[in-house]
Amino acid sequence: MRQLISGVVLSGILLCPTAQADVTAYKATYASEFDIGIAMSGELTRSLRQTSNGQWLFSTNAEAMIASIKENTSVTFSNDHVVPHTYLYKRKVLGKTREAKLTFDWNNNQVTNDVEKKPWTMQVPDGTQDKLSYQLQMRLDLMSGKKGPFSYQIADCGRLKTYDFNIIGSEKITSPMGEYDAIKVEMDRGTDAKRETYIWYAPALDYMIIKLKQTEPDGKTYALQLKSLETE
């Protein structure tokens, strides 16, 4: 569950948006299945809504009997770029809780990482994303017709990581909402990688994720499939 439940390089981002991307509020519900030693299933919801301060809140919530994960990021949009401001993460599994918070200071190109109430600050380049906001950026890139490969710099646990993705084809995906043509995207971890992540985006749904599947090195899997979608 590391990527989406946790679960892709931009420059010249403006600090104050002068033009906003074509953004629509929505709520999507997914059926989720994952294996953490025992097979489990549940639901995951993802939503995007505008807040009273003009920012947008992108949230992911996953619930199961013995586990829950909540993530959200506050962002603004400048043209076709996503600018993250605050990222929050909370995971609870078998009674154990882990929390993290990232706060971006774009005036000084810094991000403060606060994990388990132990904050530290690092420098980041323009265009840096968090582990949720890059997903908004990738969707915007697909909507604008970009064909990849896609590369995103991510602030994560006090380090700057790079997530790379490639479009590898198209498939028809059957979901509870019907059948859709989808673009299949693979996360590129290199030729020797043991973990595999595939994401299917549906152009007819404004490139919403319709399916995701991740396989861990030990064979455990995590999967999502779109069940319902509400837009404003």
Side-chain angles (χ1 to χ4, degrees), residues 1-17 20-21 23 32 34 36 44-64 66-78 81-140 150-165 187 189 195 197 214 216 222:
M1 298 192 296
R2 298 180 187 177
Q3 294 299 338
L4 245 280
I5 277 199
S6 61
V8 192
V9 180
L10 307 170
S11 62
I13 280 186
L14 302 178
L15 300 182
C16 297
Q20 182 172 288
V23 181
S32 63
F34 52 96
I36 55 173
L44 179 143
T45 60
R46 296 164 65 86
S47 63
L48 179 66
R49 62 179 178 85
Q50 192 165 25
T51 60
S52 59
N53 65 1
Q55 295 183 2
W56 289 78
L57 184 67
F58 183 40
S59 302
T60 294
N61 295 292
E63 300 283 347
I66 63 172
S68 66
I69 296 179
K70 298 182 179 181
E71 284 183 286
N72 65 66
T73 182
S74 297
V75 305
T76 50
F77 295 89
S78 175
H81 296 314
V82 177
V83 185
H85 297 285
T86 305
Y87 167 84
L88 298 172
Y89 172 85
K90 184 175 182 179
R91 181 187 67 190
K92 188 174 183 179
V93 180
L94 296 173
K96 296 182 179 180
T97 300
R98 177 177 173 80
E99 297 181 341
K101 179 179 180 180
L102 273 66
T103 305
F104 291 83
D105 175 4
W106 290 113
N107 290 322
N108 297 297
N109 279 73
Q110 294 179 339
V111 60
T112 298
N113 299 262
D114 189 347
V115 179
E116 304 300 333
K117 302 187 184 302
K118 297 178 181 178
W120 69 96
T121 300
M122 69 176 186
Q123 296 295 127
V124 293
D126 288 342
T128 298
Q129 302 291 332
D130 61 50
K131 291 196 295 183
L132 270 186
S133 65
Y134 86 85
Q135 297 170 32
L136 291 174
Q137 183 63 63
M138 187 170 178
R139 184 180 175 218
L140 288 183
F150 305 101
S151 184
Y152 305 93
Q153 291 182 288
I154 313 297
D156 180 19
C157 296
R159 292 191 296 157
L160 192 64
K161 301 179 180 180
T162 301
Y163 290 3
D164 295 317
F165 295 84
M187 188 170 188
R189 294 187 173 91
R195 181 180 296 115
T197 303
Q214 179 164 299
E216 298 292 336
Y222 170 68

Next on the checklist: Could you check whether any side-chain heavy atom of D130 comes within less than 4.5 Å of a side-chain heavy atom of F104, counting everything from C-beta outward?
Outcome noted: yes

Checklist entry - NE2/H81 to OG1/T76 distance, rounded to the nearest 0.5 angstrom? => result 12.0 Å

Checklist outcome for this item: Here the gap from Y222 atom OH to R195 atom CZ, rounded to the nearest 0.5 Å, amounts to 14.0 Å

Checklist entry - If we only count heavy atoms from C-beta on, is the V115 to W120 side-chain gap below 4.5 Å? => result yes

Checklist entry - Is it true that atom NZ of K92 has more than 12 heavy atoms of other residues, nucleotides or ligands lying nearer than 6.0 Å? => result no

Item to check | Shortest non-hydrogen separation from V124 to W106 and the atoms involved | outcome: CG2-CZ3, 4.3 Å

Next on the checklist: When you compare the side chains of Q55 and T51, does any donor N or O come within less than 3.5 Å of an acceptor on the partner?
Outcome noted: no

Next on the checklist: Here's a test for you: under side-chain hydrogen bond (donor to acceptor under 3.5 Å, both in side chains), which of T103, N108, T112 qualifies with T121?
Outcome noted: T112

Checklist entry - Could you give the distance from CZ (R98) to NZ (K90), rounded to the nearest 0.5 Å? => result 14.0 Å

Item to check | Sub-4.5 Å side-chain heavy-atom contact between L160 and P125 | outcome: yes

Next on the checklist: For N109, is there any backbone N or O sitting under 3.5 Å from a side-chain donor or acceptor partner on Q123?
Outcome noted: yes

Next on the checklist: Minimum heavy-atom separation for A62 and L44, please, with both atom names.
Outcome noted: CB-CD1, 3.9 Å

Checklist entry - Roughly how far apart are Y89 OH and K70 NZ, rounded to 0.5 Å? => result 13.0 Å

Next on the checklist: I'd like to know if the side chain of Q129 reaches the main chain of V82, judged simply by a donor and an acceptor atom lying under 3.5 Å from each other, with no hydrogens or angles considered.
Outcome noted: yes

Checklist entry - Will you find, in the side chains of T197 and Q214, an N or O donor that is under 3.5 Å from an N or O acceptor? => result yes

Item to check | Residue pair K131, T73: steps toward the side chain to side chain contact (heavy atoms under 4.5 Å, CB included) verdict | outcome: CA-CA 9 Å; K131 291 196 295 183; T73 182; over 6 Å; no

Next on the checklist: Quick one, F58 and V75 - any side-chain contact, counting heavy atoms below 4.5 Å?
Outcome noted: no

Checklist entry - Is L48 close to V23 at the side-chain level, that is, under 4.5 Å between some pair of heavy atoms? => result yes

Checklist entry - Got a second to check how far F77's CZ is from L140's CG, nearest 0.5 Å? => result 6.0 Å

Item to check | Heavy-atom side-chain proximity of F150 to Q137 below 4.5 angstrom | outcome: no

Next on the checklist: So which atom in T128 and which in A155 form the shortest heavy-atom distance, rounded to 0.1 Å?
Outcome noted: CG2-N, 3.7 Å

Next on the checklist: For the CG atom of N61 and the CG atom of N72, what is their distance to the nearest 0.5 Å?
Outcome noted: 8.0 Å

